[in-house]
Amino acid sequence: MNNPFQNALQQLERATKLTSFSPDFLKRIAYPDRQIRITIPVKMDDGTLNMYEGYRVQFNNARGPYKGGIRYHQDTDIEEVKALAFWMALKCAVVNIPMGGGKGGVTVNPKELSKTELEALSRGWMRGMSDVVGPQKDVPAPDVNTTPEIMSWMADEFGKITGDTSGAVITGKPIENGGSQGRGTATAQGGFYVFETLREKLGLPEVCRVVIQGFGNAGEHAADIWTKAGHKVIATSDSRGAIRNPDGLDIPALYEHKKATGSVAGFAGGETFDAHELLFQACDLLIPAALENQIQEGNANRIQAKVVLELANGPTTPEADDTLFARGIPVIPDILANAGGVTVSTFEWEQNLKDEHWSEEEVFEKLRVIMDREALEIFEKSKALSTDLRRAAFIIALERIQQAMLEK
Ligand code: NAD
């Protein structure tokens, strides 16, 4: 199977066939501006020294400072980070915010580290990167397995090294340390606004049966938001198992169960089943909210959803995209569906720079306007070009990036 960056390049090639871009632009946009690798020494609690590999890929900054999260995962490598950085550049252009694309990571299983070790690793990442990040250069944020607390340690470390204590170097911080209202739920909330804008157009019923893969930041908030809006979340999963209930899961109770046991599996309000079967449950809306390459050539035929909304980055391979398109299953692509996270991150950056504090209401109103507008534009473009929503989103984003590069 392709690595995520190969998939990203394939998506690029497929989308740009439909319209004309400058050949030089197409060549440039397939390469990141910079790839940084560092080694982070961490003194473990037992006195031994461990070495970890950390990354930052700065893909494109034609539209503004590089922007994108930092992932801690045992399988994270530079190719994955490169793909995620590329998607960030497109995502920021899709929602038309003044940011470029970047991404970071560390190859580590953070669950094996104590809190002190995690703090040392996070401060070490920032020490290694402090000369390449900054409020006007590159603004990281959380991603898989990184939390507001980790962002806080990193912001503090950056302040100690550079004297810049505005906090604008990093977003996704806790509210008391300069975080924005609404950032925690922004990714799912943004996805929900897109869903609401497109629901009828995509032929979905008023009350949808929803299946969510992943019950982390993106997935668990999605479960809560869709449920509160009157839809039924009938199945969800995490890395340890899956749970289903055709009448709808009790999300607050499931959340408590996960807090107590570490997994959704074994929840008394449903039937525990094999997590590999989660994607194939019959439903109206399937929301992948875990990792890349989940819907692939080998399993796209088994999807029984009417629509897929990608809260995860890169969950559908290009081959699977074709299968789903041929089967009449629209995929609302990651670079639109999960762009609420980076949009509210950018609001946080703006508030830090201006020393302002916006209410949650204000944040979500601004977010809704952006997500509604861009969802409609992408939908109309897909109709005009008789293509899928991903190609339409790519074309709109690439046109905006090309324009910014030309202006520079
Ligand atoms: P997270 O670490 O909070 O949660 C990830 C969840 O996925 C966990 O519940 C984990 O158990 C589950 N998971 C891992 N492997 C799985 C598997 N094989 N099957 C089922 N579940 C599995 O991460 P997150 O922040 O929620 O991110 C999830 C996805 O959303 C990622 O692709 C991320 O890049 C994307 N995303 C997140 C944000 C954000 O603001 N958090 C923004 C944009 C995109």
Side-chain angles (χ1 to χ4, degrees), residues 4 67-76 80-81 83-88 90-92 94-95 101 103-105 108-111 140-151 171-173 179-180 182-191 194 211-224 235-243 254-255 257-259 261-265 273-281 286-296 299 309-316 333-348 367 371:
K67 181 98 194 75
I70 303 166
R71 178 173 293 194
Y72 286 179
H73 197 275
Q74 58 276 20
D75 299 332
T76 289
E80 181 185 60
V81 177
L84 291 163
F86 169 78
W87 286 321
M88 284 308 299
L90 267 69
K91 194 180 300 184
C92 292
V94 156
V95 280
K103 201 84 181 190
V108 61
N109 180 355
K111 289 171 192 148
D143 190 67
V144 173
N145 288 328
T146 50
T147 58
E149 189 174 37
I150 292 176
M151 299 304 111
T171 57
K173 300 178 294 292
S180 177
R183 175 60 186 90
T185 53
T187 301
Q189 190 66 51
V194 170
V211 168
I212 303 175
Q213 184 193 41
F215 204 69
N217 180 296
E220 108 197 344
H221 290 307
D224 184 48
T236 187
S237 65
D238 56 30
S239 55
R240 286 161 57 181
I243 187 86
L254 179 60
Y255 179 74
H257 171 83
K258 195 199 152 184
K259 219 163 72 180
T261 66
S263 173
V264 296
F273 68 107
D274 182 355
H276 294 108
E277 290 301 308
L278 188 278
L279 293 173
F280 317 123
Q281 305 299 299
L286 172 63
I287 305 183
L291 297 169
E292 298 94 45
N293 282 343
Q294 299 300 299
I295 307 177
Q296 344 162 332
N299 68 17
L309 181 140
E310 298 181 331
L311 280 189
N313 283 306
T316 314
D334 45 10
I335 57 171
L336 169 66
N338 70 31
V342 71
T343 304
V344 175
S345 264
T346 302
F347 294 164
E348 178 176 333
L367 178 65
M371 302 310 290

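For ligands, and for the atoms within them, numbers begin at 1 and follow the listed sequence.
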Inset, instruction - Would you please say whether a donor-acceptor pair under 3.5 Å links the side chains of Asn338 and Thr187? - result: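 No, no side-chain donor-acceptor contact under 3.5 Å.
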Could you tell me whether the side chain of [Y] reaches within less than 4.5 Å of the side chain of [X], counting heavy atoms only?
X	Y	result
His73	Asn145	yes
Val81	Arg71	no
Ser180	Thr171	no

Starting from [atom], which protein heavy atom do you reach first, and at what distance in Å?
atom	answer
atom 5 (C) of ligand 1	Gly216 CA, 4.2 Å
atom 29 (C) of ligand 1	Ala290 O, 3.1 Å
atom 27 (O) of ligand 1	Val144 CG2, 3.7 Å
atom 21 (N) of ligand 1	Asp238 C, 3.2 Å
atom 36 (N) of ligand 1	Leu311 O, 3.7 Å
atom 26 (O) of ligand 1	Ala218 N, 2.8 Å

Legend entry - Closest contact, heavy atoms only, Asn313 versus Lys91: OD1-NZ, 2.8 Å
Inset, instruction - Compare every heavy atom of Met88 with every heavy atom of Val342, then report the nearest pair and how far apart it is. - result: CG2-CE, 3.6 Å
Using a plain distance cutoff, I'd like to know if [X] has any nitrogen or oxygen under 3.5 Å from a nitrogen or oxygen of ligand 1.
X	answer
Phe215	yes
Gln294	no
Leu84	no
Asn217	yes
Arg71	yes
Thr187	yes

Legend entry - Criterion side chain to side chain contact (heavy atoms under 4.5 Å, CB included) on Phe215 and Ile243, from CA distance to verdict: CA-CA 11 Å; Phe215 204 69; Ile243 187 86; over 6 Å; no
Inset, instruction - Nearest heavy atom to atom 22 (C) of ligand 1 wins, so pick from Ala141, Ser239, Gly219. - result: Ser239
Legend entry - Residue selection (non-hydrogen contact nearest atom 43 (C) of ligand 1) among Asp75, Val264, Asn338: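 The option holding the nearest heavy atom is Asn338.
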Atoms of ligand 1 less than 4.0 Å from [X] heavy atoms?
X	answer
Arg183	40 (O)
Leu291	15 (N)
Asp143	33 (C), 34 (O)
Ser237	20 (C)
Asn145	2 (O)
Ala312	29 (C), 30 (O), 32 (O), 35 (C)

Inset, instruction - Run the salt-bridge test on Lys258 and Asp238 with the 4.0 Å N-O cut-off and return the result as yes or no. - result: no
Region of [X] that comes within reach of ligand 1 [heavy atoms, distance under 4.0 Å]:
X	result
Ala289	backbone
Gln213	side chain
Arg240	neither

Legend entry - side chain to side chain contact (heavy atoms under 4.5 Å, CB included) partner of Glu310, the single match among Ile295, Ile335, Thr316, Ile287: Thr316
Legend entry - Sub-4.0 Å heavy-atom contact, Pro142 with ligand 1: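 No, that is not the case, since the closest heavy atom of the residue is not under 4.0 Å from the ligand.
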Legend entry - Worked check of side chain to side chain contact (heavy atoms under 4.5 Å, CB included) between Tyr72 and Ile150: CA-CA 11 Å; Tyr72 286 179; Ile150 292 176; 3.9 Å; yes
With no hydrogens and no angle check, is any side-chain donor or acceptor of [X] less than 3.5 Å from a backbone partner on [Y]?
X	Y	answer
Gln281	Leu279	no
Gln296	Asn293	yes
Asn299	Gln294	yes

